There are 2 protein chains.
Amino acid sequence: MGEASRKKARRRPGTARGAARAAGEARPRKPKGAAARTRGLPRDGGLRRDLIDAALELVEASGTRGLGWREIARRAGVSHSAAYRHFENKEALLAAVAEEGFHRLTERMVEQVAEARDDVASRFEGMAVAYVEFAAESPARFRVMFGRDIPDINKHPALREAHDFTDGLFRAGVAQVLENVGKGGMTVDIDAFTLMAWSLVHGLASLIVDGRVGDVSEAAVDPGDRVRAMTDLIKTFAQRPRA
Amino acid sequence: MGEASRKKARRRPGTARGAARAAGEARPRKPKGAAARTRGLPRDGGLRRDLIDAALELVEASGTRGLGWREIARRAGVSHSAAYRHFENKEALLAAVAEEGFHRLTERMVEQVAEARDDVASRFEGMAVAYVEFAAESPARFRVMFGRDIPDINKHPALREAHDFTDGLFRAGVAQVLENVGKGGMTVDIDAFTLMAWSLVHGLASLIVDGRVGDVSEAAVDPGDRVRAMTDLIKTFAQRPRA
DNA sequence: TCGATTCTGTTGACACTGTCAACAGGGCAT
DNA sequence: ATGCCCTGTTGACAGTGTCAACAGAATCGA
């Protein structure tokens with residue numbers, strides 16, 4: 001393994017493209033006209049959708065490790081590398097998967113809040129239940145959303161937006177809780193409080209996703225029940241008699 | 001992509017080995033004598049160690065995604081596939097990396113506890129600080145330890161043991177806290193309480209590792225300070241005047 | 001209406017990966 | 001001394017992500 005200078009320095013015959021290109025949407029040619037949306041073959045509604053759906057299925061089934069363009073393309077009924085007309089690279093596809101994940105998570109949080117009793121504690125509990133249940137049901141997707149398959153979320157504006165929306169929803173809920181519970185002349189840093197709440201919820205979700213809870217015996221405890229057990233615990237301490 | 005039956009069904013000419021083999025240590029030949037430790041070339045102390053060290057460096061530097069046998073082997077001064085005399089496969093190598101991670105984490109927790117003031121709250125805070133600081137300093141290693149690069153920890157007994165030891169340490173600390181704080185006739189489920197504490201700590205660590213906290217302005221808050229801010233917050237609520 | 005342009009998909013290639021079989025030499029026990 | 005086993009090398013194979021070159025179809029500008 002000594003001998004420097006092997007058979008490197010091939011490739012890149014003509015142009016010098018491919019070197020610097022944003023990880024954005026698809027391969028650009030020329031922005032020019034603004035109406036470049038419904039060109040080319042109709043293809044029943046867009047290959048892009050099909051590719052995302054196929055990727056979603058595969059990610060759910062076997063995680064992000066065994067996810068390959070060839071299999072995705074096969075499921076979508078096209079040849080490999082067709083996907084490169086719709087996604088810059090694999091990371092861009094995963095960003096789309098993550099984006100859909102945040103949309104779904106937001107939906108679930110809104111649902112749970114709507115179903116909750118009309119007090120801030122119940123509403124927050126609803127969001128936490130939605131968060132953890134979502135993670136438990138779609139662990140691989142959850143990992144794509146929060147893991148390092150997408151090293152820099154800022155390179156994917158749509159994903160960034162979806163993330164921020166979910167984030168804002170959660171923060172608003174936490175702020176309400178704090179407002180409601182924080183009487184009594186205490187001054188608490190809202191950011192620190194939010195981070196604590198998020199850590200609690202995200203931590204439980206992560207531990208479930210990574211298979212760290214429920215090793216033996218009790219088999220499968222409902223994730224929602226775990227969250228409720230936690231909030232009950234907090235209430236117990238909040239209402240405990242003074243020492 | 002049509003035409004079934006391509007040029008498959010090659011390989012596997014002679015023996016039928018490689019089919020069923022545990023994901024344990026290295027390629028077994030015959031356990032036989034118990035003294036098979038210092039055979040072959042001396043190689044300054046074992047290639048296995050060098051491989052783990054090289055893998056550690058690379059994992060820290062660029063995560064588990066760009067981790068390749070060839071580069072690892074090059075750093076260790078051997079040829080690719082030499083590693084297969086010491087590790088069943090890549091997962092086994094990662095398991096070794098994770099195992100070392102748990103050992104290191106345990107060390108740090110013990111250190112912090114030793115340095116802490118002599119009350120249970122401080123000792124627990126010390127463990128939490130160790131946990132989160134470790135994650136922040138070695139995010140890639142933390143991910144290997146808790147992520148899904150190793151799908152089933154039970155296939156790696158040494159890793160399982162290291163994990164369980166750390167886990168036990170943490171649980172013992174939480175149990176002490178509960179014992180100390182749980183006066184007042186309340187009955188709390190110790191498992192639920194432990195899970196809550198672990199979720200809080202692990203959640204903060206995960207959020208930091210995945211770059212979810214500290215997006216703007218405040219740049220780099222010390223992870224230990226974040227933990228202390230959290231425990232202070234909890235104390236504030238624990239000691240708040242009754243409503 | 002018609003040619004030019006631009007999308008979108010296919011084909012085939014390249015560099016690179018994990019893993020394995022076949023081989024080779026050194027150290028150990030017999 | 002002999003033979004076995006350990007540990008390393010070499011070279012291969014199947015499979016990966018990505019790209020260049022090509023080809024048909026839909027649209028736009030004239």
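Letters A, B, ... are given to chains in the order of the sequence lines, protein chains preceding strands, and every chain is numbered from 1. Everything quoted here is computed from the prediction, not taken from an experiment.
Side-chain atoms of A:Arg85 lie closest to C:dT10 of the nucleotides C:dT10, C:dT19, D:dT9. Looking at the side chain of A:Arg70, the nearest of the listed nucleotides D:dT9, D:dG17, C:dC20 is D:dG17.
When the P atom of D:dT9 is taken as reference, atom CZ of B:Arg74 falls 14 Å away, rounded to whole Å. Nucleotide C:dC7 holds its P atom 12 Å from the NE2 atom of A:His86, rounded to whole Å.
A donor-acceptor contact under 3.5 Å is formed by the side chain of A:His80 with the base of C:dG12.
Residue order along DNA chain D, read from the 5' end via each residue's closest nucleotide, puts A:Glu71 first among A:Glu71 and A:Ser81.
Proximity of A:Trp69 to the phosphate of D:dT16: no side-chain N or O atom is located under 4.0 Å from OP1 or OP2.
Proximity of A:Leu200 to B:Met230: side-chain heavy atoms (C-beta onward) are nowhere separated by under 4.5 Å. Looking only at side-chain heavy atoms (C-beta outward), A:Arg226 and A:Leu204 come within less than 4.5 Å of each other.
At a threshold of 4.0 angstrom between heavy atoms, the contacts of A:Leu67 are confined to the sugar-phosphate backbone, with no base atom among them.
Within 6.0 Å of CD in A:Glu161 there are 12 or fewer heavy atoms belonging to other residues, nucleotides or ligands.
Contacts of B:Arg148 classified as salt bridge (Lys or Arg N to Asp or Glu O under 4.0 Å), with partners at least two apart in sequence or in another chain: none.
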